[in-house]
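Here is the structure we will look at.
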Amino acid sequence: MSDARSAWSEQRTCERRERDANAVESSFVIDLKLLRTDPDRIRRSQAMRGESVELVDELLAADEARRSTLSTFESLRAEQKSIGKDVAKAQGDEKQQLLERTKALAAEVKAAQAAANEAEARFTELMKTVPNLVFEDVPQGGEDDFTVIETHGTPRDFAAAGFAPKDHLEIGEALGAIDMDRGSKVSGSRFYFLTGIGAQLEFALVNLAMAKALEWGFAPILPPALVKPSAMEGTGFLGQAAQDVYYLPADDLYLVGTSEVALAAYHSDEILDAATLPRHYVGYSPCFRREAGSYGQDTHGIFRVHWFDKVEMFVYCAPEEAVAEHQKLLAFEKAFLEALELPYQVLDVASGDLGLSAARKYDCYAWYPAQGKYREVTSTSNCTEFQARRLNIRMRDGDGVRSVATLNGTLCAIPRVIIALLENHQQADGSVHIPAALQPYLGTAVIS
RNA sequence: GGAGGCAUCGCCUAGUCGGCCUAUGGCGCCCGCCUGCUAAGCGGGAGGGGAUGUUGAAUCCCCACGUGGGUUCGAAUCCCACUGCCUCCGCCA
């Protein structure tokens, strides 16, 4: 039995469902105990992200309000219950007296409960806005303050080869691989058709990526591309990133921007047996992005588009394993780029440029000759327990029941990989060399 | 889309014309005990939150019978809405 198949059968027998509603309500974004015992840790994280530090004080106040209203409700409720029992036994006048007392109490209980619910809701709303805690050793700063931690390969010297590199669109159109004009005719800007060898290239890349992932022990999944709001919110895409997401109001569904969403929500409301962790999944799905904040950026070709397909890795593991798993995901991404013979760098992304759910993020930037620079081609995030708390995904082990950690990483984002292949491996005559690892899947060593 | 049925602890299940439910029993699981070993047997445990407290003690309380409301002094039990699943019909790749 293959690794992938045994992973499947194992998981089918070990799944647990957690249906407790309170657990869902009280699954918070950051660790509740941390808020009380070490609020400064959260303040530092907020500062590193360039987010509100005052939020922590609001949270503490809201938590206090929540607890005191809850206490009030609980003691009233306890009294109500205990009198209720006496009522059942009492007779005559005694019964009438008790009834009178408890009638008034009923209204109080109701009011106290409403107050407690409201305080709870306010607190939960606030908690949802807190991004994940950043690891304290990630580079500080904004978009441009990343640290380049590795550089692999060397950009080709096209001058020495005697010709100027063409950009991917020019190559792709000449090869009949990319049709941008019809993309915009049919669907608008930032849409495209992959045609002929371009379409074949996608299938070849997907098959190569899947073959590698299976070899590495990942279980393959084809996830839905439309998800409920809870899945979107749980993975952290409805906060500041909400404007970048397609929404279908008629059905109250979102189009995912990455299969990470469905892969993370896959085990929502479940308790996983610790013996089945870590779990490695690899998903393939279309990805939809409104690119609302990027008007005018990367408008040329298929670098930044509203729809693309992507092979994505996803990991569930014990929190203490997360850092090591993150390194593994990065290693897999590197192995894939190396198989494609692409020069690239690895970036440790700065605190201010992390998404809502990431504690640390490594991006691989591949070399794009026509742009003359390294640009993002993969991204892997360690979300620690952030998504698991929101999605109520826990594990049972010797220490009881606790949240798992989740991680995600790009294995192959089709358009950006196609661009990198076309541009880096182009020849003077307009043909494109295909890396040895990909040749078996495409059936040719050169496209022309 | 139309009609009907169902929803209790990991799984199965008792309870459903309101208070004795502090939710029954079985299986599986975990920890003890017992025992040449195993099995059996016996005892205990297994959700969330809060308070006092401790640092890996304990005690008390609240919540949890799909979800949310309602009726009532009191709801697993009655009423309403919603969700999910199952069956049948229709439509469809």
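Chain identifiers are assigned alphabetically (A, B, ...) following the order of the sequence lines, protein sequences preceding nucleic acid strands; residue numbering begins at 1 within each chain.
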Using OP1 and OP2 only, check whether a side-chain N or O of Q80(A) sits under 4.0 Å from G74(B). yes
Closest-nucleotide 5' rank along RNA chain B - winner of G84(A) and A106(A): G84(A)
Quote, to the nearest angstrom, the P distance that separates G18(B) from C79(B). 11 Å
Here the distance between atom P of G49(B) and atom CD of E74(A), to the nearest Å, is 12 Å
Spacing between D63(A) atom CG and A51(B) atom C1', to the nearest angstrom: 14 Å
Could you tell me whether the phosphate oxygens of G49(B), OP1 or OP2, come under 4.0 Å of any side-chain nitrogen or oxygen in R67(A)? no
Whole-angstrom distance between G4(B) and C92(B), as gauged at atom P: 24 Å
Taking atom C1' in both U71(B) and U22(B), compute the distance separating them and give it to the nearest angstrom. 25 Å
In whole angstrom, give me the gap between the P atoms of C29(B) and G10(B). 16 Å
Nearest-angstrom distance, P atom, G44(B) to U24(B): 13 Å
For L76(A) and C62(B), give me the distance from atom CG to atom C1', rounded to whole Å. 12 Å
Give the rounded distance in Å between these two atoms: CD of Q113(A) and P of A64(B). 8 Å
Tell me: CZ of F73(A) to C1' of A64(B), nearest whole Å? 12 Å
In whole angstrom, give the distance that lies between atom NZ of K110(A) and atom P of G70(B). 5 Å
Just to be sure I understand: a Watson-Crick pair is purine N1 to pyrimidine N3 plus N6-O4 or O6-N4, both under 3.5 Å. Using that and G-U wobbles, which stems of three or more pairs involve RNA chain B? B:1-7 with B:83-89, B:10-12 with B:25-27, B:29-33 with B:41-45, B:47-52 with B:58-63, B:66-70 with B:78-82
Cation-pi check, R416(A) onto F303(A) ring (under 6.0 Å, within 45° of axis): yes
Looking only at atom types and distance, does a side-chain atom of Q387(A) sit under 3.5 Å from a main-chain N or O of T235(A), one as donor and one as acceptor? yes
Of the listed C63(B), G50(B), G48(B), the closest approach to the R77(A) side chain comes from C63(B)
Of the options G50(B), G47(B), C61(B), whose atoms approach the side-chain atoms of A78(A) most closely? C61(B)
For G50(B), take OP1 and OP2 only and decide whether either is under 4.0 Å from a side-chain N or O of R66(A). yes
Which one of T384(A), N382(A), D137(A) satisfies the side chain to side chain donor-acceptor pair (under 3.5 Å) criterion with R360(A)? D137(A)
Which nucleotide in G49(B), C63(B), C73(B) has an atom nearest any side-chain atom of K81(A): C63(B)
Tell me whether the centres of the aromatic rings in H306(A) and F288(A) are closer together than 6.0 Å. no
Rounded to whole angstrom units, what separation is found between the CE atom of M127(A) and the P atom of G49(B)? 12 Å
Taking all heavy atoms of V432(A) and all of L421(A), pick out the closest pair and write down the distance. CG1-O, 3.8 Å
If we take the C1' atom in both C6(B) and C62(B), what is their distance in whole Å? 31 Å
Report the C-alpha distance between L253(A) and M232(A) in whole Å, list the side-chain angles of each, state the deciding distance to 0.1 Å, and finish with yes or no for side-chain contact (heavy atoms from CB on, under 4.5 Å). CA-CA 9 Å; L253(A) 290 170; M232(A) 218 59 185; over 6 Å; no
Euclidean distance for C1', A7(B) against C60(B) (whole angstrom): 33 Å
L70(A) CG to G48(B) P: how many Å, rounded? 16 Å
Given the C1' atoms of U54(B) and U35(B), what is the spacing between them in whole Å? 37 Å
How about OH on Y247(A), more than 12 heavy atoms from neighbouring residues, nucleotides or ligands closer than 6.0 Å, or not? yes
Got a second to check how far T378(A)'s OG1 is from E376(A)'s CD, nearest 0.5 Å? 7.5 Å
